[in-house]
**Student:** 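The structure is given below, and queries will be raised subsequently.
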Amino acid sequence: MAYKRSQILICGGTGCTSSGSVTLVQELKKECVKHDILDEIEVIQTGCFGLCELGPVVIVYPEGTFYSRVTIEDIPEMVEEHLVKGRVLDRLVYTEKGDGHHPLSISELGFFKKQRRIALANCGVINPEDIDEYIGFDGYLALEKVLTSMTAQEVIDEVKASGLRGRGGGGFPTGLKWQFAHNAVSPDGVKYVACNADEGDPGAFMDRSVLEGDPHAIVEAMSIAGYAVGAQKGYVYVRAEYPIAVHRLQIAIDEAKEYGILGDNVFGTDFCFDLEIRLGAGAFVCGEETALMNSVEGKRGEPRPRPPFPANKGLFERPTVLNNVETYANIPKIILNGAAWFASVGTEKSKGTKVFALGGKINNTGLLEIPMGTTLREIIYEIGGGIPNGKEFKAAQTGGPSGGCLPASLLDTKIDYDNLIAAGSMMGSGGLIVMDEDNCMVDIAHFFLEFTQDESCGKCPPCRIGTKRMLEILEDICGGKGKEGDIEKLQELAEGIKSSALCGLGQTAPNPVLSTIHFFRDEYEAHIRDKKCPAGVCKALLDFKIEEETCKGCGICAKKCPVDAISGEKKKPHVIDTEKCIKCGTCIEACPFGSISKA
Amino acid sequence: MAELIPVENLDVVKAIVAEHKEVPGCLMQILQDTQTKYGYLPIELQSTIADELDIPLTEVYGVATFYSQFTLKPKGKYKISVCLGTACYVRGSQGVMDKVNNILGTIVGETTEDGKYSVDATRCVGACGLAPVMMVNEEVFGRMTINEVPAVLEKFN
C-alpha cells in the first residue's frame, strides 16, 4: 500500500449523511486533485463517531483535528490551509459548550473522556465497506481462533464466563442462551442463528450505528454463534427504515463470501455457515423475539406463547438463538481478549459496557459507550455537556416505550441492569432521552402509551383493550377532563396488564405511566385538580394572553397568526380570540417585546 | 425515483413472485418488492400474489395490513413524513407536524385528493442528532422549527 501522509475521516452515518456528508467526500477529493495531492491523502468514509449533533464531522489525521458542522463551502479553504499549508483551520475546530475548551485533537474532547469503546471500537475508525480494513483491525481473528482451536462448548463457556447479558434490553445471560440452543435437539439437525436489528425504540440508534460503522463484526459474531450452537444458517432482521445499514451489511456479507469467510468449509474446517438479511416492515412488536421469528417466516408479526422457547422451537420450528446487534458486537472482543478481560469492566452483575443513544434536551446529542456503573450524572453533564439554554434538568427516560423516567434525585444512580429496574425503569436497548422543565411528564406518558397502543398487535386482550383504556384516561387528563380517582384507575389497569399480557410489549407498556406517576404525581394532580399544565405543554389547559401594559401594537403577532385569531388597532394593545386560537405558539415566538404568555 | 408500474400490468408482480417463490418465508419480500414497483398494494395485486403462491388471499391481506410500511392506497407525489420519535417529540416535532397539516390541509396517514401530498408520522429515522426532523421523499430536513415549515414545503410545490 502506498504511503499516505494524511488520512481524512468523514462520518457517513445516517445523522451526518442527512447533513450532507456524502457531498463533502466528493468535494474533498475534487479539491485534492486540484492541488495535485490526492495520491498523498486518503479520504475515508466511516461509520458514526458519535457526536451527531456536530455533523457533518471531519477528522484529519495524523493530528486528529476535529472539525464540526463542515459545509461544502468550507472544503476548498480546509484543503488549502490544512493539507497544503499544514495549518489547522481554526474557525472550524469545535469549541466545547460550557467551558469553551477548544480541543486540538479528538482525544481531548470531553465527550470521549469517560467512554470506553468495545462494541463501537471500530465505528468511526474504519471504512465499513472494506473488509480489508476490518481484517487490519484484527477482524475475523476471533472466528479463526474459535474454528481452529476451540470446541463449541469452550466457546459457550467463554461467553458465559464473560458475564455478557443481552443488550436488547432484557439482560438475559448470552452464554446461557447459547447453551440452551446448543443442547436442544433438532429433528433434522437444522438450527438457526438470528440477529435482532429491528431497533424499534423511537430515539435509539445504537444498532443502526454498529451495522453502518462495523458490519463485519456482526457477520463474524454470528458465525461464532453458529459454530457454538451448531447452526448452518443465520438471519439478520433489520428495519427497512435503515437503508444505509442494510446496504453496508449486504456489502459485508458479499465480501465475506468472496473471501471464503461465509459459505462452505470456512478456513478449511468442516464449518459451513451462511447469512441472509430479512427486512422488517414497520412493526414495533417485531422486536419481540417470537414475533420477529414469525415475521422472518413471512407471517404477521404476532408473538407466540412461550414455552416452547426459541432455543428449542424458534425459526421454522427449529432451535434458534437470537441476539441483539450490540450483544453480537461484543463477542469477537470477548473471544480475542478473554472472558476475564471483559468481566473486569462494569459492575458485579452487569459486565462490560453499554451503548446509549443520547437525545432530547441535551447539548451533545449522539452515540456513546460507557462502562456499566457510570452514573446518569456523568453521562448527562460530563459526556452530554448538560442541558441547553440554561434550562433545568427534569427527567431522563431510558428503556423507550417499555421503560421509565428517572428524576433529578436519581442522577447519581449507577447505570446497570439491576439498578435501573430497581429505580422503576429498565436498561432497554439504550435510548436515553433527556427532558427539561419545558416537558410535561403527563404528556410524555401519553406519548408513549399512544405509541404502544398503536403498535399493539391485537393478539391478546390485556394489551389490546387495556392500553386503549389507559390511553383514554390519559387523553382526558391532558384534555382538561381528568377526574379524581383517575390516577388510581391507571395504576390498577397497569398492574393488570403487566401481569397478564402475552409478550414483552404489553407487559412493559404501562411502565412509562407508572414511573411518571411515581416520580411526578404532583404534575398529574395539577392537571386533574387545578386543570393546569405546569410545563405549559397540554394545549387544552393553556390560555394565551397578550399583556396590555407591554404590548406596543406592532401587529407582528397578528400577521404571523395562522388562524387570524389576533386583532387590534395599530399602536394599541392587541387581543387574542380564545375561541379561534389553536395555541400553536407562533405569536409567542414572533413577539419582539415578550408580551404574550401562556398559562 | 423510478416510474411506477400501473396496476393493470400484472406481469411484473408475477415475475417478482417467481423470483422469490422457493425461498422459505418469502411473502414479506414479495410484498416489499411489489410495493417498490407499483407504489402501493391494491387488492388486485394481493390476489395475484395469493394465486401465484397458491395461498389464501386472507393470508396475504393479513400480512399487508399488519405492517405499517405497507399501504393499500397510493401515496402522494411528495411523501412528507415528520418524525414523532421520542427525541424529536421532546424537541417539539408535534408542532412541526401540526404546521404541515395546517398549511396543506392534510390529515396524517392520508393523501390529498389531487394526489400531490401525503403526510405520515414516522417513528425515528435515526437522525436524532438533528431533531426535530422531517422528510420529503428521500430528503431529510433537520433542526426544524415551526417557522421553517413553509419554506421547506415551498420547495415541493
Side-chain angles (χ1 to χ4, degrees), chain A residues 13-19 51-55 199-205 208-209 240-242 278-284 286 295-302 316 357-361 365-366 397 400-401 431 433-435 439 444 447-448 451 457 560 562-563 582 584-586 589-590, chain B residues 20 23-33 35-36 53 55 59-70 81 83-92 94-95 98-99 102-103 120-131 133 135 138-143 145-147 149-150:
Chain A
T14 294
C16 285
T17 303
S18 301
S19 355
L51 260 170
C52 310
E53 173 76 24
L54 305 174
E199 193 166 44
D201 170 5
F205 52 95
R208 196 208 62 206
S209 299
E241 291 92 331
Y242 288 175
R278 286 291 164 100
L279 295 186
F284 175 65
C286 288
S295 188
V296 171
E297 292 177 22
K299 300 176 189 155
R300 287 165 68 87
E302 289 173 350
F316 303 105
L358 187 60
K361 304 284 183 66
T365 308
Q397 210 278 345
I433 309 286
V434 180
M435 297 171 210
N439 291 113
I444 292 297
F447 166 80
F448 279 116
F451 177 85
C457 78
K560 292 262 178 178
V563 290
I582 54 165
C584 65
T586 306
E589 278 181 44
Chain B
H20 295 291
V23 183
C26 59
L27 181 56
M28 292 268 290
Q29 279 172 310
I30 290 172
L31 291 174
Q32 273 155 348
D33 288 1
Q35 181 161 299
T36 308
L53 286 175
I55 56 172
E59 208 176 308
V60 178
Y61 183 77
V63 172
T65 51
F66 185 85
Y67 296 95
S68 62
Q69 198 191 41
F70 297 131
S81 39
C83 182
L84 289 188
T86 320
C88 284
Y89 185 80
V90 302
R91 287 215 205 170
Q94 185 67 51
D98 293 346
K99 187 77 184 178
N102 191 292
I103 294 176
D120 284 294
T122 66
R123 304 285 187 185
C124 199
V125 292
C128 309
L130 310 178
V133 168
M135 285 175 78
E138 303 300 311
E139 202 173 336
V140 178
F141 298 89
R143 302 187 182 102
T145 64
I146 294 173
N147 294 337
V149 174

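Letters A, B, ... are given to chains in the order of the sequence lines, protein chains preceding strands, and every chain is numbered from 1.
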**Student:** Nearest 0.5 Å please: distance from the CG atom of B:Asn147 over to the NZ atom of A:Lys560.
**Tutor:**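 With rounding to 0.5 Å, CG (B:Asn147) is 5.5 Å from NZ (A:Lys560).
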**Student:** Taking all atoms of both residues into account, what is the closest heavy-atom pair of A:Cys52 and B:Gly129, and its distance?
**Tutor:**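 In this case the closest contact between A:Cys52 and B:Gly129 is CB-CA, 3.9 Å.
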**Student:** Among all residues two or more places apart in sequence or in another chain, which pass the salt bridge (Lys or Arg N to Asp or Glu O under 4.0 Å) test with B:Asp120?
**Tutor:**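 Salt bridge (Lys or Arg N to Asp or Glu O under 4.0 Å) check on B:Asp120 returns B:Lys75.
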**Student:** SG/B:Cys128 to CD1/A:Ile433 distance, rounded to the nearest 0.5 angstrom?
**Tutor:**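 The distance works out to 6.5 Å.
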**Student:** Return the set of residues passing salt bridge (Lys or Arg N to Asp or Glu O under 4.0 Å) with A:Lys361 (not counting sequence neighbours), or none when no residue passes.
**Tutor:**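 Expected list: A:Asp436.
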**Student:** B:Met28 versus A:Ser295: any side-chain heavy-atom pair under 4.5 Å?
**Tutor:**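 With C-beta onward as the side chain, the pair touches.
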**Student:** Could you tell me whether a side-chain N or O of B:Ser68 sits under 3.5 Å from a main-chain N or O of A:Gly282, the two making a donor and an acceptor?
**Tutor:**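 Yes; judged by distance alone, with no hydrogens or angles, the pair exists.
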**Student:** Working to the nearest 0.5 Å, report the span between OH of B:Tyr89 and CZ of A:Phe451.
**Tutor:**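 Between B:Tyr89 OH and A:Phe451 CZ, I get 13.5 Å after rounding to 0.5 Å.
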**Student:** Do the side chain of B:Tyr67 and the main chain of A:Gly301 share a donor and acceptor less than 3.5 angstrom apart?
**Tutor:**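 Yes, the answer is positive, given that a donor and an acceptor are paired below the 3.5 Å cut-off.
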**Student:** Below 4.5 Å, heavy-atom pairs only: which of B:Ala121, B:Gly142, B:Pro24, B:Gly92 has the largest tally toward chain A?
**Tutor:**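 It is B:Pro24.
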**Student:** Shorter than 4.5 Å, heavy atoms on both sides: which option in A:Ser209, A:Pro401, A:Gly280, A:Cys286 has the most such pairs with chain B?
**Tutor:**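 Winner by heavy-atom pair count: A:Gly280.
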**Student:** Just by distance, do the side chain of B:Gln29 and the backbone of A:Gly298 share a donor-acceptor pair under 3.5 Å?
**Tutor:**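 No; zero donor-acceptor contacts below 3.5 Å.
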**Student:** What distance separates B:Leu31 CG from A:Leu279 CG, expressed to the nearest 0.5 Å?
**Tutor:**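 Result: 12.5 Å between the selected atoms.
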**Student:** Return the OG to CD distance between A:Ser18 and B:Glu138, rounded to the nearest 0.5 Å.
**Tutor:**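 Answer rounded to 0.5 Å: 11.0 Å.
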**Student:** Which bit of A:Leu358 comes within less than 4.5 Å of chain B, counting heavy atoms only: side chain, backbone, both or neither?
**Tutor:**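 For A:Leu358, there is no contact with chain B at all, as no heavy atom is under 4.5 Å.
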**Student:** Given the options B:Val90, B:Val63, B:Ile30, B:Ile146, which has more heavy-atom pairs under 4.5 Å with chain A than any of the others?
**Tutor:**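 Among the listed options, the one with the most contacts to chain A is B:Val90.
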**Student:** So which of A:Ala283, A:Ala204, A:Gly360, A:Gly15 has the largest heavy-atom pair count under 4.5 angstrom toward chain B?
**Tutor:**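 Between A:Ala283, A:Ala204, A:Gly360, A:Gly15, the count favours A:Gly360.
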**Student:** Does A:Glu53 reach the side chain of B:Leu130, with side-chain heavy atoms less than 4.5 Å apart?
**Tutor:**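 A:Glu53 vs B:Leu130: side chains apart.
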**Student:** Among the options B:Glu59, B:Arg143, B:Lys99, B:Glu139, pick out the one with the most heavy-atom pairs lying under 4.5 Å from chain A.
**Tutor:**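 With the most close heavy-atom pairs to chain A, the winner is B:Arg143.
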**Student:** With rounding to the nearest 0.5 angstrom, report the OG1 to CZ distance, B:Thr65 to A:Arg300.
**Tutor:**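 One finds 5.5 Å between OG1 of B:Thr65 and CZ of A:Arg300.
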**Student:** In terms of heavy-atom pairs under 4.5 Å with chain B, which of A:Arg278, A:Glu241, A:Glu199 leads?
**Tutor:**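 Looking at each option in turn, the highest pair count goes to A:Arg278.
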**Student:** Identify which part of A:Gln397 has an atom lying under 4.5 Å from any heavy atom of chain B, answering side chain, backbone, both or neither.
**Tutor:**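 The answer is neither part of A:Gln397.
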**Student:** Here's a test for you: under side chain to side chain contact (heavy atoms under 4.5 Å, CB included), which of B:Thr122, B:Val125, B:Thr86 qualifies with A:Pro202?
**Tutor:**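 Among B:Thr122, B:Val125, B:Thr86, the one that satisfies the side chain to side chain contact (heavy atoms under 4.5 Å, CB included) with A:Pro202 is B:Thr86.
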**Student:** Between B:Phe66 and A:Glu302, is there a side-chain heavy-atom distance shorter than 4.5 Å?
**Tutor:**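 The answer is yes, as the side chains (C-beta and beyond) meet within the 4.5 Å cut-off.
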**Student:** Is B:Arg123 reaching over with its side chain to a backbone N or O of A:Gly203, donor-acceptor style, under 3.5 angstrom?
**Tutor:**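 Between the backbone of A:Gly203 and the side chain of B:Arg123 there is no qualifying donor-acceptor contact (under 3.5 Å).
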**Student:** Based on non-hydrogen pairs under 4.5 Å, which of B:Cys83, B:Cys26, B:Ala127, B:Gly62 is most in contact with chain A?
**Tutor:**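 The residue among B:Cys83, B:Cys26, B:Ala127, B:Gly62 with the greatest pair count is B:Gly62.
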**Student:** Are B:Arg91 and A:Thr365 close enough that a side-chain donor and a side-chain acceptor fall under 3.5 Å?
**Tutor:**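 Yes, side-chain donor-acceptor contact under 3.5 Å.
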**Student:** I'd like to verify something: which residue of A:Phe447, A:Phe316, A:Phe448 has the highest number of heavy-atom pairs under 4.5 Å with chain B?
**Tutor:**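 The option with the most such pairs is A:Phe447.
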**Student:** Is the shortest heavy-atom distance from the side chain of B:Asn102 to the side chain of A:Ile582 under 4.5 Å?
**Tutor:**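 Side-chain contact under 4.5 Å: yes.
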